[in-house]
Amino acid sequence: MQAMKIALYGMPCAGKTTLLHALDGRIRIVNGSSWLNEATKGSFSLLPEKEKAEWRIRYTEYLAGIADEHMISDGHYAFEDTVVFTDADGDIYDVFLYLYCEPEELLSRMKVSEKNRKYASLSVDVISEWQNRELEQLRFQCHNRSKDFYVIPSGTTTKEDFIDFMDAILSGFSSYRLAVDLADKIRSWFPTPCELSIVDGDHTFINEDSFRLCSKGFRTTVFDGNFYTGYQSYRFHKETASLSFQLENLQNCTLNKQVWSRIGHEQYVVLSAGITSLWEILADQMNIPHLLASPLISADTKYYAAKLLRKLGYKIKAYGDSKNDLYLLKEADEGYLCLGKRISRSLADADVSGLYLLCDTTPFILSDESDEAVMQEIAVCKSSSGIHGSRLAQAHYDLGFQLGCHMKRVLPSKNIPIVVLERGGRFFGDGLYIGFGGRLYPYDPKKDALPEVGSNLILIVDSVINTGASLLKLIEKLRTKNPSVQVCLATNVIQKDALPKFKDHFLFTVRISDNKFVGKRQKRQTGNAGPDTADRLFNLLDE
């Protein structure tokens, strides 16, 4: 086997040196910081950034000269907002390890480190953002170069775990090479490039989690942290290798009809990170013609399989439900995120704005499952309450917040555009934004140009949906710009007769009303005219 060059990256004080010491005698260890200081006669830290970058490139040239033995070197991707990673770094190493350390622990170590005390004034949130940013950017760099990337969590990885994994790498373990084998197998089934669906197994092809159904209550912590790299897959494979399973429980697995309606008449492959033996039984049980299943299949393996196939001319549609599928879905020509009844916790902080959502479009009605405090706020909002002005605005805000908190458990929120219709939707939209997140776009249809949001999912917020006619026109405008856009609606109240008009959209509402009237600047409802919601909110009703 060719000599390998391995990089161990991580934050200052993450513990890279300790891990490297564990490998003494097993692999050549080259300390990057020591080399740079020796080469610059101890002045490296004092050099201008341009000269530092030049010396880092010289270091990679030095590493290139080590050709007859395996070696590992420590390194840094960035120092706060300054990225020090170079193309030369990306090219020289075969494998990148990233040592993850909990932000609280990092800060504690920085405070007592003479070398890194300069970072001790940073907050835990800033350190967390720094670490997550460089972790994802380094993963992106590896994806671009088709190189292996593994996250090693410092808090749960023992010396023995690390040595075992390094031995596996040096013996040929590789998420990328596994992807090559999987792509080759898929090509043997479909030799001519074609349109092909790659479908995750658990919670996607089937509604259930086959492992949980059959593992007699076994729980793993391997995936805590939501990294889903080959290291986590390797540990899970070892954890589960000797487990026995209740195979009869597989009879309880059911087909995801929403996914099946899309792939049933197409060419598809089920690509699962589940237990091989369980999925082989499910393949027979559910007549799955093309199955690839192994706990060793990581998020990066799935990504690379799609990348390799697309490079050969295959058009890939991908379906998945979790972080283990995210990079596959983003690499595919069309990526479909299957939400079920709620979004996977592994995707809580993930940006899925470029994906299409598959989930139940049954309207969610907050009043059906709310407590007394929410019902009191609803009573304030009703046109018959006689309440207007700031107290009504507060009720709208509070109900928007409650609905937003629920939606955050169901839908992805990071970078999702929230278009709030002015004026009536303002306070309800503000509350929903605080509870849900996303990106806020206040929009007055009478005077504003349609926001440029660049997303396949748009959340439209209004305080009241009466006939729904104006919203349908807005949706039509959005689809003129992006025919495949998916629209989610959130409102304080929707008139019952308008519900059928939005049956194909995601709808979240505080309540449904039988009352129907034309909004005017009056305090009480008379006949088919009643108090306009926006005028009530801004205290502009006629006396």
Counting only pairs under 3.5 Å, give me each side-chain donor-acceptor contact of residues 82-89, with atom names and distances, residues two or more places apart or in other chains.
unit_1 : atom_1 : unit_2 : atom_2 : d
T86    : OG1    : A88    : N      : 3.4
T86    : OG1    : D89    : N      : 3.2
T86    : OG1    : D89    : OD2    : 3.0
D87    : OD1    : R145   : NH2    : 3.1
D89    : OD2    : T86    : N      : 2.9

Listed pairs under 3.5 Å, donor-acceptor, residues 447-454 side chains, sequence neighbours left out:
unit_1 : atom_1 : unit_2 : atom_2 : d
D448   : OD2    : D444   : N      : 2.8
E452   : OE2    : K481   : NZ     : 2.6

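Residue R117 places its CZ atom among more than 12 non-hydrogen atoms of other residues, nucleotides or ligands, all under 6.0 Å distant.
The side chain to side chain contact (heavy atoms under 4.5 Å, CB included) test applied to T361 returns F506, not counting sequence neighbours. Every residue was checked against the side-chain hydrogen bond (donor to acceptor under 3.5 Å, both in side chains) condition with S367, not counting sequence neighbours, and none meets it. For E331, the side-chain hydrogen bond (donor to acceptor under 3.5 Å, both in side chains) partners are R310, not counting sequence neighbours. Every residue meeting the salt bridge (charged side-chain N to carboxylate O under 4.0 Å, His left out) condition with E129, not counting sequence neighbours, appears here in chain and number order: R133. Under the rule for a side chain to side chain contact (heavy atoms under 4.5 Å, CB included), the partners of I494 that lie at least two apart in sequence or sit in another chain are I465, T491, A498, L499, F502, L507, T509, I512. Listed by chain and residue number, I387, R391, L392, A395 satisfy the side chain to side chain contact (heavy atoms under 4.5 Å, CB included) test with V380 (two or more places apart in sequence, or in another chain).
For the salt bridge (Lys or Arg N to Asp or Glu O under 4.0 Å) condition, no pair includes a residue of residues 344-370, sequence neighbours left out. Judged as a ring-ring contact (aromatic ring centres under 6.0 Å, His included), not a single pair has a partner in residues 430-474 (not counting sequence neighbours). Under the salt bridge (Lys or Arg N to Asp or Glu O under 4.0 Å) criterion, the residue pairs touching residues 258-273 are E266-K317, with sequence neighbours excluded. Among pairs with a residue in residues 395-410, none fulfils salt bridge (Lys or Arg N to Asp or Glu O under 4.0 Å), at least two apart in sequence or across chains.
Classification of the F364-F508 ring pair by plane angle, with boundaries at 30° and 60°, yields tilted.
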*Can K473 and E476 be said to form a salt bridge (charged side-chain N to carboxylate O under 4.0 Å, His left out), step by step?*
CA-CA 5 Å; K473 289 181 181 178; E476 188 61 32; over 6 Å; no

*Step by step, would you call F96 with Y77 a ring pair (Phe, Tyr, Trp, His ring centres under 6.0 Å)?*
CA-CA 11 Å; F96 285 85; Y77 184 85; 9.2 Å; no

